[in-house]
Amino acid sequence: MKSSAKTLNPAPDLQAHANVRTVVRPPHGELQPEAPADPSSFDSTVARGDTGRMLRTLLGNLDGMVYRCRDDADWTMEFVSEGCRALTGYDAQDLLLNKRLSYLSIMHPEDRDRVREEVVGGLTLRKRFDCEYRIFHATGGIRWVWERGTGVFDLQGRLAAIEGIIQDVTERKESSQALREAERRYYQLFENALEGIFRTTLDGQYLDANPALARIYGFDSPPELIQSRKDIRNELYVDPKRREQFMALVRARGSISGFESQVYKKNGEVIWISENARAVYDASGELACYEGTVEDVTERKLYQARIEQQANYDTLTGLANRSLLNDRLQQAILNASGHGSRLAVVFVDLDRFKYINDSLGHHVGDELLRAMAERLRASVRDTDTVARLGGDEFVLLINGHGDPESIAVVLERMLSEISQPWTISQGDFNITCSMGVALYPDDGATAQALLKHADSAMYRAKEKGRNNFQFFTAELNALITERLELENKLRRALERGQFSLHYQPRVDMHSRRIIGAEALLRWNCADQENVPPSRFIPVAEEIGLIVPIGRWVLREACAQNKAWQDAGLPPFIVSVNVSVRQFRQDDIVQTIGEVLRDTGLEARYLEIELTESAVMHDADQFIAMLNELNDLGVQMSIDDFGTGYSSLSYLKRFPVDRLKVDRSFVHDIANDVDDATIVRTVIALGHNLGLKVVAEGVETEQQLEFLRANHCDELQGYYFGAPLPGNEFVEVLRRDEPLRKLSPSPKRSQLPLL
Ligand code: C2E
Ligand code: MG
Ligand code: MG
């Protein structure tokens with residue numbers, strides 16, 4: 001560019017210059033005419049050479065073209081600096097006085113009017129003008145130029161010329177245009193994207209949202225979404241914890257993709273979304289916001305669920321199919337082996353299904369399968385699995401039962417459920433099923449072995465005449481058969497009058513007189529040896545029979561006690577053991593009230609014994625009931641104390657009168673230091689809580705001595721008397737004397753088994 005200065009002929013420039021007056025520019029840019037300069041002085045300066053050269057160098061080095069032109073239609077150039085060539089591609093000579101072409105002619109036609117307007121505007125106001133426009137370069141290309149100029153006025157205020165500078169700004173213009181274009185494109189992308197795009201603050205407010213996001217969430221516009229969802233975590237996510245996981249992941253990894261959650265739309269509808277997001281940090285490296293995209297994947301999720309349903313569930317009944325059963329079975333085996341618990345795999349086959357299917361048609365057959373599937377499902381817990389293998393074959397996985405007996409209880413319930421009449425328009429049907437049980441780990445360690453053994457046990461059930469279940473192992477079957485027989489006999493024992501009560505004295509430590517008696521249930525089972533309470537009471541509890549039996553015990557004990565009192569015997573408290581099941585299933589407070597009223601026994605002569613483990617299990621619920629009993633005036637004791645895990649805070653709140661130290665601790669107090677310490681501690685604890693302490697199972701002089709030395713209040717055990725039938729117990733009562741060791745002491749073999 002500088003080299004082009006050589007081509008410039010200074011003569012016309014200077015010539016042209018010689019005809020104008022110079023102007024003074026005040027700092028704010030307004031122009032004021034000055035006294036006409038002495039043309040000779042300029043010439044003489046130039047003649048002096050230095051200043052001329054300086055000016056030429058200056059103009060030559062300027063990036064752009066300095067000009068002076070007329071305010072005419074062609075913008076006739078009177079002076080152009082050397083920059084002309086670089087700017088326009090023409091020599092100064094070509095442009096000066098429109099020798100070859102006018103400046104107007106190289107201006108882009110579309111810009112000419114605008115430029116004229118802007119220049120005239122500036123001139124009229126006598127201000128500097130600024131404008132950008134396009135020119136045609138001699139090489140044919142278009143260049144963006146920026147022009148700044150001012151009017152030059154003579155003393156009369158007439159415009160003499162325009163002076164200014166024009167610079168090539170093509171590069172800047174293009175890059176800013178590119179920038180604007182990019183911005184526009186990205187904005188279009190943001191606005192028109194099919195995916196939702198967001199930027200949110202760390203505490204869950206939207207900074208930006210695009211129309212797609214608003215649309216996905218059911219809003220009319222992004223501003224409406226931004227306004228109505230100020231707390232994304234709680235207002236948008238169905239499970240707010242999911243939002244926390246999202247943030248934790250983004251923070252930890254910097255970004256996440258395909259993060260799926262359920263969110264609420266504006267109308268409350270729940271949809272599935274998949275998010276890609278990243279953490280945005282500010283200049284100081286602090287986490288500033290999150291940004292990312294959202295896609296509505298509800299359709300895909302529904303489709304997946306449908307596919308999964310088809311792959312894992314039986315279409316007719318909705319139960320798990322063979323493939324899901326296999327998965328669950330593997331899982332259940334792992335769980336059971338981890339927890340050391342049992343798992344029951346039960347094969348179920350409907351009896352005579354083929355007959356119904358053939359005679360009433362497939363449609364009815366399908367109905368039947370659906371109905372039976374529902375009955376099976378309803379008789380197990382949610383954590384158990386009911387699967388249909390096909391036809392009328394089902395498999396159950398029953399977890400979490402420790403012993404075969406409790407599994408038998410579940411299966412019995414199931415047999416009874418299935419055999420309930422099934423009513424359809426064609427009539428009532430009695431359907432039954434046969435079941436085979438294999439237990440893990442007893443009968444097999446693998447899914448395959450368990451299924452095979454359950455299946456063969458099921459065939460045995462069919463052989464046994466249907467409507468029953470069989471365990472895989474013979475010993476178990478024997479055990480369960482025995483247990484079922486016991487259950488059946490127990491169910492009839494009450495109506496057959498096979499129960500009776502024995503009474504065991506409770507003695508005061510100091511007076512050694514009888515102050516109470518514990519009523520203990522005996523079952524005189526006609527066709528076998530008497531079954532001890534420790535064997536039949538748990539069964540009665542399991543099948544719910546304890547409720548009517550317990551009611552009988554209560555009534556019998558109260559009536560007997562009242563009868564003794566009426567016969568003139570010294571009054572004492574009769575203690576009745578009440579099972580936790582009675583508390584749950586019976587309105588025990590009402591029952592006790594009724595029994596007392598009916599028998600006429602005063603409440604203070606009745607004591608209720610509750611085992612420690614039972615009370616502690618449901619402590620909160622018990623407190624209310626215990627208080628009601630307390631209000632009745634009934635006494636209360638905690639039985640088998642020391643075997644459960646009493647919480648002291650509960651113990652304090654229970655309105656009980658006595659703690660009965662379990663006989664397992666009393667048994668060894670003379671020899672076992674730990675037992676001795678426990679008993680001593682329980683006595684101290686009871687006393688601190690203002691309770692009486694009873695020692696159970698006192699058999700020896702030594703035990704008695706220990707208990708006396710440690711201030712135990714009351715005693716019960718063979719030392720003073722074994723439980724006796726009412727007619728024998730009354731003899732002891734009649735003697736009404738301090739009890740010493742009874743002679744002869746009952747032989748162990750005669751005692752009820754414990
Ligand atoms: P429990 O309430 O702890 O009853 C005390 C048990 O200890 C009785 O056993 C009694 O015979 C036995 N026993 C008493 N003194 C001695 C002794 O010095 N040495 C030994 N080794 N044992 C002694 P039983 O009658 O076999 O009753 C066992 C359990 O059955 C009772 O334990 C009680 O929990 C339950 N039970 C008995 N009758 C009923 C009842 O009517 N209803 C309920 N729900 N449970 C009852
Ligand atoms: Mg008891
Ligand atoms: Mg006890």
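First listed ligand is number 1; within each ligand, the first listed atom is number 1.
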- Query: How long is the span from the CG atom in L334 to the CG atom in L329, to the nearest 0.5 Å?
  - Reply: 10.0 Å

- Message: For a distance under 2.8 Å, tell me if D640 has an N/O/S atom near the Mg ion (ligand 2).
- Response: no

- Does T611 approach ligand 1 within less than 4.0 angstrom via side chain, backbone, both or neither, non-hydrogen atoms only? neither

- Is the closest N or O pair between E518 and ligand 1 shorter than 3.5 Å? yes

- Query: Any N or O of E699 that comes nearer than 3.5 Å to an N or O of ligand 1?
  - Reply: yes

- Does P723 come within less than 4.0 angstrom of ligand 1, counting non-hydrogen atoms of the residue? yes

- Please work out whether any backbone atom (N, CA, C, O) or any side-chain heavy atom from C-beta onward of I549 is under 4.0 Å from ligand 1, and answer side chain, backbone, both or neither. neither

- Note on the structure: Closest to the Mg ion (ligand 2), among the N/O/S atoms of E609, is atom OE1

- Message: List ligand 1 atoms under 4.0 Å from P533, heavy atoms only on the residue side.
- Response: 24 (P), 25 (O), 26 (O), 27 (O), 30 (O)

- Between D508 and R512, is the closest basic N to carboxylate O distance under 4.0 Å? no

- State whether E487 and R491 are salt-bridged, where the test is any N-O pair (Lys NZ or Arg NE/NH1/NH2 against Asp/Glu carboxylate O) under 4.0 Å. yes

- Message: Please state which option from V580, L520, L521 has its nearest heavy atom closest to atom 8 (C) of ligand 1.
- Response: L520

- Side chain or backbone of R522 under 4.0 Å from ligand 1, or both, or neither, by non-hydrogen atoms? side chain

- Counting only heavy atoms, which portion of S579 has something under 4.0 Å from ligand 1: side chain, backbone, both, or neither? both

- Give yes or no for whether the N/O distance cutoff of 3.5 Å, strictly under, is met between S534 and ligand 1. no

- Item | Atom of D639 nearest the Mg ion (ligand 3) (restricted to N/O/S, atom name only) | OD1

- Can E495 and R492 be counted as an ion pair, charged N to O under 4.0 angstrom? no

- Message: So, applying side-chain contact (heavy atoms from CB on, under 4.5 Å) with S575, which one of M636, E609, Q504 is it?
- Response: E609

- Flag if over 12 foreign heavy atoms under 6.0 Å of CD, Q702: no

- Restricting E518 to its N/O/S atoms, the closest one to the Mg ion (ligand 2) is OE2

- Message: Whether K462 and D351 form a salt bridge (side-chain N of Lys/Arg under 4.0 Å from carboxylate O of Asp/Glu) is what I want to check.
- Response: yes

- Query: Looking at E518 and R506, does any basic side-chain N land under 4.0 Å from a carboxylate oxygen?
  - Reply: no

- Query: Knowing that exactly one of I549, L490, N530 qualifies, which makes a side-chain contact (heavy atoms from CB on, under 4.5 Å) with W523?
  - Reply: L490

- Query: Should the proximity of D639 to ligand 1, defined as any heavy atom under 4.0 Å, be assigned to the side chain, the backbone, both, or neither?
  - Reply: side chain

- Relative to the heavy atoms of G717, which atoms of ligand 1 are at a distance of less than 4.0 Å? 15 (N), 18 (O)

- Item | Side-chain ion pair, R581 and E541, N-O less than 4.0 Å | no

- Answer yes when R342 and D403 have at least one side-chain N-carboxylate O distance shorter than 4.0 Å, and no when they do not. no

- Task: May I ask you to check whether S575 brings an N, O or S atom to under 2.8 Å from the Mg ion (ligand 2)?
- Result: no

- Message: Tell me whether E731 is salt-bridged to R734, with the criterion being a basic N under 4.0 Å from an acidic carboxylate O.
- Response: yes

- Note on the structure: Of H667, E696, H502, R663, the one whose closest heavy atom lies nearest atom 6 (C) of ligand 1 is R663

- Task: Enumerate the atoms of ligand 1 whose separation from the nearest heavy atom of D640 is less than 4.0 angstrom.
- Result: 3 (O)

